[in-house]
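What follows is a set of notes on a single structure, which appears directly below.
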Amino acid sequence: MTALLEVQNLRLTAAGRAIVDGVSFQVEPGESVAITGPSGAGKTTLALTVLGHLRDGVTHDGGQVLVDGRPTLPQPPPELRGGLVGYVGQDPGNSLNPYARVATTLLRVTARSVPRPQRSALVSELLARVGLPTELAQRYPHQLSGGQQQRVVIAAALARNPRLLVLDEPTTALDLVAKAEVVAELRRVSDAGISLLWVTHDLASVETVVDRVVTIGEPTTASYSHAPVATAAREVVLTATGVTAGYGHTSVLRAVDLELRSGELLAVLGASGVGKSTLARVLTGLHRPASGTLAHRGERLPWDVRRRSRAERAAIQLVGQNPAEALHPRQTVRTALTRPLVRLRNLPTAEHDGEIKLLLDAVQLPIEVADRLPGELSGGMRQRVALARALAARPEVIVCDEITSALDSSTQSAILRMLDELRAELGLAVVLITHDADVAASVSDRLLVLASGRVARTGATADLLPPGESPEERVRHLLIDHTDL
Amino acid sequence: MRPVHPLLRHALSGLAGNVVLLAGLSFLVFVGVDLLPGDPITSRLGPTATPERIAAVRAELGLDQPVLTRYGDWLAGIVHGDLGRSAAGQPVTELLSGRVGNSILLACLATACLIPLSFGFGLAAARRRGRPADRAISTGSLLLLSVPEFVVAGFLVLILAIGLRLLPAVSLVPAGSSPVRHSEVLVLPVLSLLLVGLAYATRVIRAAAAGTLRAPYVEFLRLSGQSERTILRTAVVPAVLPVAVQIWLLTGVSMIGGAVLVEKVFGYPGIGELLVTSVQTGDLAVVQALVLVLGGATLAVLLIADLAMVLLTPRLRTGGGAE
Amino acid sequence: MTLSRRVLLRSAGLGAAAVALPSACGAAASGQTPVQATASATPKPGGTLRAVFTGGGATESLDPYVGGAPVDLVRHEVMYDALFRFRGNEVEAALALAAKPVAGQGAFDLELRPDVVWHDGTAFTARDVLASFAYMSSPERAYPSELSAYFDFAKATVTGPLTLRIPTRQPIGEPALLLASYPAKIVKPGKSIGTGPYQVDAFAAGREARLKKFDRYWEKTAVSDELVLSSLTDPQAKVNAVLSGQSDFSTDIPFTIAKTGTSNAELEIRTAGPLGRVGFGFVLNATKAPFKDPRARKAVRLGIDRQALVDSVLLGFGAPGNDLFGAGSKHFDSREPLARDVDQARTLLKDAGAAGATVVFRTAEYEIGYNASTQLVAEQLRELGLMVKIDQVGVPEFFDVKALGQTDGIVFSIGALPLPVTYSRLAAYPTLGLPDAELKTALGAALAATDEPARAKAWATAQQIMTDRGNTVVWGQADTLSIARKSVAGVETRAGQEKYPYLGRAGLA
């Protein structure tokens, strides 16, 4: 039996550097394979070659990729894309045409003219295949949740019944619940006999679905975890009481209390849409709550960041989930880092270069990165730049909103280790917002679980998540317990 | 009916806002033109007129009233459709009537040609980004942009009208007839207006299309096996349309009054030329009426452009927001 | 007497100050000498003559007392008649046969032409003239006629079916001259019908007028069957209309365009000859220092370089002027211009105590070249030690009364109008006239003189005074140029009416 997919000694270069060097593997029909490796190892680039696509600047230097015996480079055979091989990308929100309704997108992807009377039936069938109700058909992508969007993308990829599905980190941008839905879906797809080529850094979720794992690049390091620090004796740095916030008529947070001591890491857990990001924005002064108070070392803080003094602004910094959107695409890293040095610390120009080197060292990035644009960096590097920018202000509190979800495990570990070192050195307090219970379990000192906008549980991690149980299971129990109450 | 409601609300509030803006504009225009140097009475009667004669004429024309009273009278007149009288005594509405139509005709024709041409060139250049065709289109449009309209008009006249005798050099339309029935006089003025507007619109559309062609969802469509033509039609065109419609509408309305120099070169009987001569001769009533008409038209078109933007963008049309 | 700004505009020359597009690329024959086509060719009867003139946009009118742009005036000349008109330099009878002053009565008797018919077929009588007088002098007119300064129209009476008696406000020796000099068309008030050789067929203000021959005109001199008068405000557009064959004739074209000429064999550049010349210059304010002193005025006249001005402002199309307005009109003193003498000028200035003084000259671009001439004169006067500050303003505010009183000199130009008109217009503005008792006497004598020798003597005296100590500095006589098909013939330029020639006898040869 000829292999469905065969990669023979593939070599891809960009800007003189080899991204993929001599990779070879095979995928048999009906088999599902995961591709894993550290960030920047070329996983995405490799996955795209299966579809015969090379990103700008990437050259095919040697080797070949064969699908069903036919080469995909330099040009794929006509029926390959969509017909033989389907593709599901990482960011579903950006993969769907914002100007077309779901039904229209699905019909177009079938690449044949469907007579009018059969259209709605076909769309319903495609949606049902991924477990979505028919009423979503007339919606626009921005009217769907992240999980629903990703499932529409999968439905589109499956529309022409491909034999191989290439998935590029399909669950990283999703929260716990959505991730579970999608993984289940893909398991069904795999069971139905369609081969999967799944690029991921999160082996845990993939284990149950794939038959084999192929590792590209250096093997991943073990996850980082640290010993919890006794923080009861430390001083309180940030106190939020009775925070109630919402958007328009919708109330998202209800009477949330939060206490943060210097040097500790508080993990905030919860399902997507529960208000974790809102809480982050409230703490940093970007969203005005309807009621509640905020105090920094006992001093009342105005809710609006514009009314805070420079020192107050520097004291609390935010690092968001999507560094690509947080960093100005037209500004070099140096410019991005200089801004807080000037605006929040009023540092004289002569000291800028030295400070930038220090910051880049702290986040373990080489100094050459300083003159690059964000578009030229990998996801992990961008996230580190965003972190360096937050550190540039010498804050006392850093609020991290899902900073590790889009990263592979080794980069994740590196960043978490970095955060730990900074906490130890500077006494930095961190609010880590995440949906990943494993991350929460491994690095946090205290835990705050949000459900339905209220604080479901709060306490020391050691107490809430005793070692031995799967943190994910435990958190789910915590969440469900609360909703039952 | 839900999606229509916010749109209707938006439209009505925009309209109300425009009326307020227009009222404010009319006041500024009225007072501003009034403050122009020169006294219409003494310049009419000469320096040797007696003070009693000057006062009599001033009272006759109502110019001895304070500015606010005159403004109020003028506004009241407008509501009844009376725009006042020019310095020579002709009713302003008469002066404007044919000419406004002529200028609108010119602007509409130029815009009608602008739309398909700028769209075609812009998309073609974006698809062939960096290649010779794109370079040619970008450079050509930059050159045209840098040249003032009346210079373009002058060259067209020199080459096509005087040199090759293909088209008339001047828009001499017989009395009693209109430019529509003598379409050959429209070609060169429309071409002059078109060329400069085309340059600008093409560049904007090219930029928008180039950006869209690099968007992730376009890449997804390509990877799903859609043909380039389908991608253009279903993904790029809808993304470029909101920007393009704005540009087209704004360029079109600016052509109505802004075609002054083109109208002058061709002697085209439009309002641009009327505006210039009235300002030069200090004919206040005509200037006030013209600025009001042009201001009103611009505001109306801006509102339409705004609404078009909302209509063409699904995220805005459905009120945005998810979950 | 009242003098309207508009009339002053007319004598200073109405011009649309627009950008003249350099047509250097297309045309070839530069340095082409303009042809003076007087009565060389005889036009053939019939056909259509198309001409294009500077227009007034939407303010044009068929009423001769409303429209004032050149195209209006051309139209009025062929649609309406005056009582007397000019042929060349001489006054001839039109609707009136004679105007005889009545001795001792302070009035004159007007005798009208018989068998004249209006365009609508009704007969022309003395009552029509009375109605016209009332209409033109009514204060409701935007610019009431200047003739009411000389004649008391309110007390005019009809003495017969074709005769009237009109009282005058001061002794007038030759009423016919005044009736011919000032626009005084005979109309039926409120209707656009006249007694002229052409009647209106179609009219669109600001665009064109179509006139057809009136067969019952009292003079059988009209040639073309139809006249099409097009109206444009841009000088280059006017020329383009002729270049591209859309029109046959256009006058008052800018010197720059005439200089480049045309390569088209069917067209030629023409000059209107001496009757179409316009005197370009300045009027100095003799009511305040430094030009109150005649020596300072003489110094300016000695200090300018006339030929340089003619070459650079008029591009050589014209001749140096002798500081008197009215060249080409009857009784004009055509003596030689003063030669440039900088040393004597400096001496005169020192004597007048004005050495190193700063003066203000007011200018606006009424005519193409006004501002340039002011710049050049300022440079030339700097050599005398006279500092000229240029006050450049926009066209509508140029004749602001207060500003005129405060300035030391303003740009001015008048065509070959009859001397009485020129000097009465200058005298009407307080700062433009020369406050000289002798001059005033001479002017009055010239107006009152009943016979030619007396008139000639009076004008000679007046112009001698102006030469000795006058305040007009006329540095050049500018030609009026036109572009025409070679076959256009019969176009008549009347004295002082260079921008609106008479087309009543014009056609294509």
Side-chain angles (χ1 to χ4, degrees), chain A residues 47-48 50-53 55-56 76-101 104-111 138-149 153 156-160 162 166 168 247-248 250 272-273 324 375, chain B residues 1-4 6-7 9 123 126-131 134 207-245 308-323:
Chain A
L48 288 176
V50 177
L51 292 147
H53 179 69
R55 282 237 170 99
D56 275 342
E79 277 308 301
L80 183 89
R81 288 187 185 167
L84 190 53
V85 182
Y87 174 78
V88 176
Q90 180 172 18
D91 192 351
N94 282 339
S95 296
L96 293 172
N97 185 352
Y99 294 94
R101 295 179 205 264
T104 320
T105 301
L106 289 176
L107 283 170
R108 283 196 191 129
V109 154
T110 58
Q138 288 308 313
R139 292 214 196 157
Y140 283 101
H142 67 268
Q143 294 169 305
L144 303 172
S145 76
Q148 290 169 329
Q149 285 171 344
V153 171
L158 294 174
R160 282 159 73 189
V166 174
D168 188 2
Y247 298 94
T250 330
S272 93
Chain B
M1 284 303 281
R2 286 234 53 211
V4 178
L7 203 64
R9 227 186 11 247
L123 283 182
R127 286 184 62 191
R128 298 166 181 72
R129 199 164 67 92
R131 301 213 292 262
D134 175 35
T212 310
L213 280 169
R214 295 209 290 284
Y217 65 88
V218 169
E219 188 182 55
F220 175 73
L221 288 174
R222 275 205 200 103
L223 293 171
S224 307
Q226 306 266 289
S227 70
E228 277 301 303
R229 282 193 60 195
T230 317
I231 291 176
L232 259 177
R233 189 169 47 90
T234 60
V236 178
V237 166
V240 170
L241 265 184
V243 180
V245 167
M309 173 86 140
V310 171
L311 267 177
L312 289 168
T313 314
R315 188 180 284 258
L316 298 175
R317 187 165 74 223
T318 55
E323 302 148 292

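To find a chain, count down the sequence lines: A is the first, B the second, and so on, and within it residues start at 1.
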> With respect to chain B, which residue among A159(A), G82(A), P162(A), S95(A) yields the maximal number of heavy-atom pairs within a distance under 4.5 Å?
Replying inline: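 Option with the greatest count: S95(A).
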Go through the atoms of [X] and report whether side chain, backbone, both or neither lie under 4.5 Å from a heavy atom of chain B.
| X | result |
| --- | --- |
| R160(A) | side chain |
| Y87(A) | both |
| L80(A) | neither |

Rounded to the nearest 0.5 Å, what separation is found between the [atom1] atom of [X] and the [atom2] atom of [Y]?
| X | Y | atom1 | atom2 | value |
| --- | --- | --- | --- | --- |
| Y99(A) | T104(A) | OH | OG1 | 14.5 Å |
| Q148(A) | L96(A) | CD | CG | 11.5 Å |
| L221(B) | E228(B) | CG | CD | 10.0 Å |

A side-chain contact here means heavy atoms from C-beta on lying under 4.5 Å apart; do [X] and [Y] qualify?
| X | Y | answer |
| --- | --- | --- |
| H142(A) | P314(B) | yes |
| L123(B) | V237(B) | yes |
| R129(B) | D134(B) | yes |

>> Can a donor-acceptor pair be found, under 3.5 Å and without considering hydrogens, that links the side chain of N97(A) to the backbone of T234(B)?
In response: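 Answer holds: yes.
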>> What part of L312(B) gets within 4.5 angstrom of chain A, counting heavy atoms only: side chain, backbone, both, or neither?
In response: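 Contact with chain A involves the backbone of L312(B) alone.
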>> Counting neighbours of CZ on R139(A) that are heavy atoms of other residues, nucleotides or ligands and sit closer than 6.0 Å, is the number greater than 12?
In response: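 Atom CZ in R139(A) is crowded, with more than 12 foreign heavy atoms closer than 6.0 Å.
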> What option among S227(B), A235(B), P238(B) has the most heavy-atom pairs under 4.5 Å with chain A?
Replying inline: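 Highest number of heavy-atom pairs under 4.5 Å: P238(B).
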> Applying a criterion of heavy atom separation less than 4.5 Å, what residues of residues 210-217 of chain B form contacts with chain A?
Replying inline: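 At a heavy-atom separation under 4.5 Å, chain A is reached by P216(B), Y217(B).
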> Going through the distances and angles, do R81(A) and Q226(B) end up as a side chain to side chain contact (heavy atoms under 4.5 Å, CB included)?
Replying inline: CA-CA 8 Å; R81(A) 288 187 185 167; Q226(B) 306 266 289; over 6 Å; no
